[in-house]
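Owing to the predicted nature of the structure, the values given are computational and were not obtained by experimental measurement.
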Amino acid sequence: MACKTIYFFFFCFLFISIDSISSQRLSDTETDCSKRWIHIRRLPSRFNLDLLTNCSEYPLFDNFCPYLANHGLGPKTHNKSQSWYRSNPLLLELIFHRRMLEYPCLTSDPSQANAIYLPYYAAIDSLRYLYGPGVNNSMEHGLELYDYLQDNEGWIWSRNHGADHFLVMSRPALDFSQSVDVNPPIWGTSFLELPEFYNLTVLIVEGRAWPWQEQAVPYLTSFHPPSLGLLESWIKRVRASKRTTLLLFAGGGGVGSSPNIRRSIRNECENSSLSNSSDVYVNNGGGHDYSKMRKVCDIVDCSNGVCEHDPVRYMRPMLRATFCLQPPGDTPTRRSTFDGIIAGCIPVFFEEQSAKSQYGWHLPEEMYRDFAVFMPKEDIVFKGLRILDVLMGIPRDEVRRMRERVIELIPRVVYRKHGSSLDLRARKDAFDIAVEGALQRIHSRLKARAFDQ
């Protein structure tokens, strides 16, 4: 595959040919591939790699050319870094594609596959509709792909009407769910509203509450360990970190006059007499004793995207914080949720759609009370509930247990680096759990279809 020149530097995929990988089936003693065979559908490069050549063409969005390095992980945070990169969340589709080429149960025969993976960079392709000249044709997003699937080896799609196919989308469903009947168009493309794709399984960073085919998977963070030793070394650091801040909010917004949860967070943090005091002793009845707390409340201002490619800016404060506030913004979910978990910071949610009803494969719903705190945003914005009062009332032993549960979740929400060591591959990461979930969902869907027929 030829390298493509992008902005003054060469970005060359070191993808091994899909056919050669597919032929390297592991023995049953190494991997049990029963009901796990996946065929990667061969698509023309206009549906994936060619889209990367437009990385600087959407000034209203961002120039993502610099973040194509290291197969989409982005440049390292510093030269000696082995696990930390300046990753762009938009490139989850690219990273997922690269990892699929290492999947141990690939088959070149689609008739033998339990699932078909479509390496279509849907979110990157959507930029021309969301920010480019094609905005008035946003209802056409995906139709070219559908036509190709019908016209080229159409039997692969038609045998189950797409119910055995899955793909990844690295933007929230809101960006792909504009009604096809809206005129003039408002925000978003209509990919998820096209009847042609109703049977498709979509792994997306934020799904809607009702469509069965959407399943949320973790946002891409900046931590991509290449070995088990480096993962365990980070976890050891997280566990030993001194939590000198009670609560932290890393984000933007909340500066206007209208009432909302981010505004309430800023007001409570800024108006607290404890916010900027040092060596403060806090004792709230039978709750947690915060002895010599340097900060009770801290804000890392991430307005205008200043934190997006600079993990040092927010990860260090998160390592020092006991609780990380995760309020909704334009949509319910946040990448910061997973940054906080990686830092061992107990998440505080204000909407169930922010995580509990989204990431059931990676953050089991029945475990939420063990690792997270929930406060309805309406109680804070309109009823005067103080976040500090709730968090200070949590007993010390319970806080310790919750943090330990959070630390146990770290491997589940990390996308490890491609080409990682064999010992790390033995631990399921966010990619492994997503693929396993997709296979199970497709199996259930096909079983139900067979029963109905």
Exercise. Carefully, step by step, assess Gln326 and Ser336 under the rule side chain to side chain donor-acceptor pair (under 3.5 Å).
Key: CA-CA 7 Å; Gln326 305 297 350; Ser336 176; 3.1 Å; yes
Quiz item: Given the rule in the side-chain contact (heavy atoms from CB on, under 4.5 Å) test, do Val435 and Tyr103 qualify, once you have shown the distances and angles that lead to the verdict?
Solution: CA-CA 9 Å; Val435 171; Tyr103 182 71; 3.7 Å; yes
Quiz item: Do Phe374 and Tyr368 pass the ring-ring contact (aromatic ring centres under 6.0 Å, His included) test, and can you show the C-alpha distance, the side-chain angles, and the key distance before you say yes or no?
Solution: CA-CA 9 Å; Phe374 176 74; Tyr368 266 76; 9.4 Å; no
Self-check item: Worked verdict on Val390 versus Leu385 for side-chain contact (heavy atoms from CB on, under 4.5 Å)
Solution: CA-CA 8 Å; Val390 174; Leu385 179 66; 3.8 Å; yes
Self-check item: Test log, rule side-chain contact (heavy atoms from CB on, under 4.5 Å), inputs Gln215 and Arg441
Solution: CA-CA 10 Å; Gln215 174 61 43; Arg441 177 165 292 186; 3.1 Å; yes
Quiz item: Passes side-chain contact (heavy atoms from CB on, under 4.5 Å), Leu248 versus Leu325? Steps please.
Solution: CA-CA 6 Å; Leu248 171 77; Leu325 308 186; over 6 Å; no
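For the residue pair Gln178/Thr189, the side-chain donor-acceptor check at 3.5 Å is not satisfied. For Glu206 and Thr331, the side-chain atoms include at least one donor-acceptor pair closer than 3.5 Å. Using a 3.5 Å distance cut-off with no hydrogens or angles, the side chains of Ser87 and His224 do pair a donor with an acceptor. For Asp423 and Ser421, the side-chain atoms include at least one donor-acceptor pair closer than 3.5 Å. Using modelled atom types and a 3.5 Å distance limit, the side chains of Arg335 and Ser222 yield a donor-acceptor pair. There is a side-chain donor-acceptor pair under 3.5 Å between Ser45 and Asp50. Side-chain contact of Asp125 with Tyr120: a donor-acceptor pair under 3.5 Å is present, judged by distance alone. Defined by atom type and a distance below 3.5 Å, a donor-acceptor pair is present between the side-chain atoms of Ser111 and Asp109. Looking at Arg98 and His71, their side chains do bring a donor and an acceptor atom within 3.5 Å of each other.
Between Val180 and Ser190 the shortest heavy-atom distance is CG1-CB, 3.6 Å. When all heavy atoms of Gln112 and Trp37 are compared, the closest pair comes out as O-CB, 3.8 Å. Ala430 approaches His362 most closely through the heavy-atom pair O-NE2, 2.9 Å. Between Arg427 and Pro411, the shortest heavy-atom contact is NH2-CG, 3.4 Å. Closest heavy-atom contact between Ala216 and Val205: CB-O, 4.0 Å. Contact record, Leu90 with Ala123: CD1-CB, 3.9 Å, taken as the closest heavy-atom pair.
One finds the CD1 atom of Ile40 at 5.5 Å from the NE2 atom of His97 (value rounded to the nearest 0.5 Å). From Ile265, atom CD1 reaches atom NZ of Lys377 across 11.0 Å, with rounding to the nearest 0.5 Å. Atom CZ of Arg369 and atom CD of Glu398 lie 10.5 Å apart (nearest 0.5 Å). In this structure, CG in Asp339 is found 9.5 Å from SG in Cys307, a value given to the nearest 0.5 Å.
A cation-pi arrangement, defined by a distance under 6.0 Å to the six-membered ring centre and an angle within 45 degrees of its axis, is absent between Arg239 and Trp234.
Inter-residue side-chain proximity for Leu363 and Ile341 is flagged as met; some heavy-atom pair is nearer than 4.5 Å. Side-chain contact between Leu51 and Arg46 is absent, with no heavy atoms from C-beta onward closer than 4.5 Å. Contact annotation: the side chain of Ile38 never approaches that of Ile116 to less than 4.5 Å [non-hydrogen atoms, C-beta and beyond]. Side-chain contact between Met100 and Leu106 is present, with heavy atoms from C-beta onward closer than 4.5 Å.
By the ring-ring contact (aromatic ring centres under 6.0 Å, His included) test, Trp187 pairs with Tyr131, sequence neighbours left out.
More than 12 heavy atoms of other residues, nucleotides or ligands sit less than 6.0 Å from atom CG of Asp151. Few gaps surround NZ on Lys76; more than 12 heavy atoms of other groups in view lie less than 6.0 Å from it.
Two rings, from Tyr314 and Phe249, have their centers 6.0 Å or more apart. For Tyr121 and Phe47, the gap between ring centers reaches or exceeds 6.0 Å.
Ring geometry for Phe176 against Phe191 counts as perpendicular: the plane angle is over 60°, on a 0 to 90° scale with 30° as the lower cut. Below 30°, between 30° and 60°, or above 60°: for Phe197 and Tyr146 the angle between ring planes is above 60°, a perpendicular geometry. A perpendicular orientation is assigned to the rings of Tyr359 and Phe338, their planes being inclined by more than 60° (bins at 30° and 60°).
Here the rule is ring-ring contact (aromatic ring centres under 6.0 Å, His included) with Phe431, and of Phe96, Trp361, Tyr415 only Phe96 fits it. The only member of Glu308, Arg86, His309 that meets side chain to side chain donor-acceptor pair (under 3.5 Å) when paired with Tyr67 is His309. Considering Ile442, Leu200, Asn160, Asn199 in turn, Leu200 is the only one that fulfils the side-chain contact (heavy atoms from CB on, under 4.5 Å) rule with His165.
Sorted by first and then second residue, the pairs that involve residues 158-179 and meet salt bridge (Lys or Arg N to Asp or Glu O under 4.0 Å), not counting sequence neighbours, are Arg159-Asp164, Arg171-Asp175. The salt bridge (Lys or Arg N to Asp or Glu O under 4.0 Å) pairs that include a residue from residues 216-227 number zero, where partners must be two or more places apart or lie in different chains.
In this structure, Arg266 contributes its side chain and Arg262 its backbone to no donor-acceptor pair below 3.5 Å.
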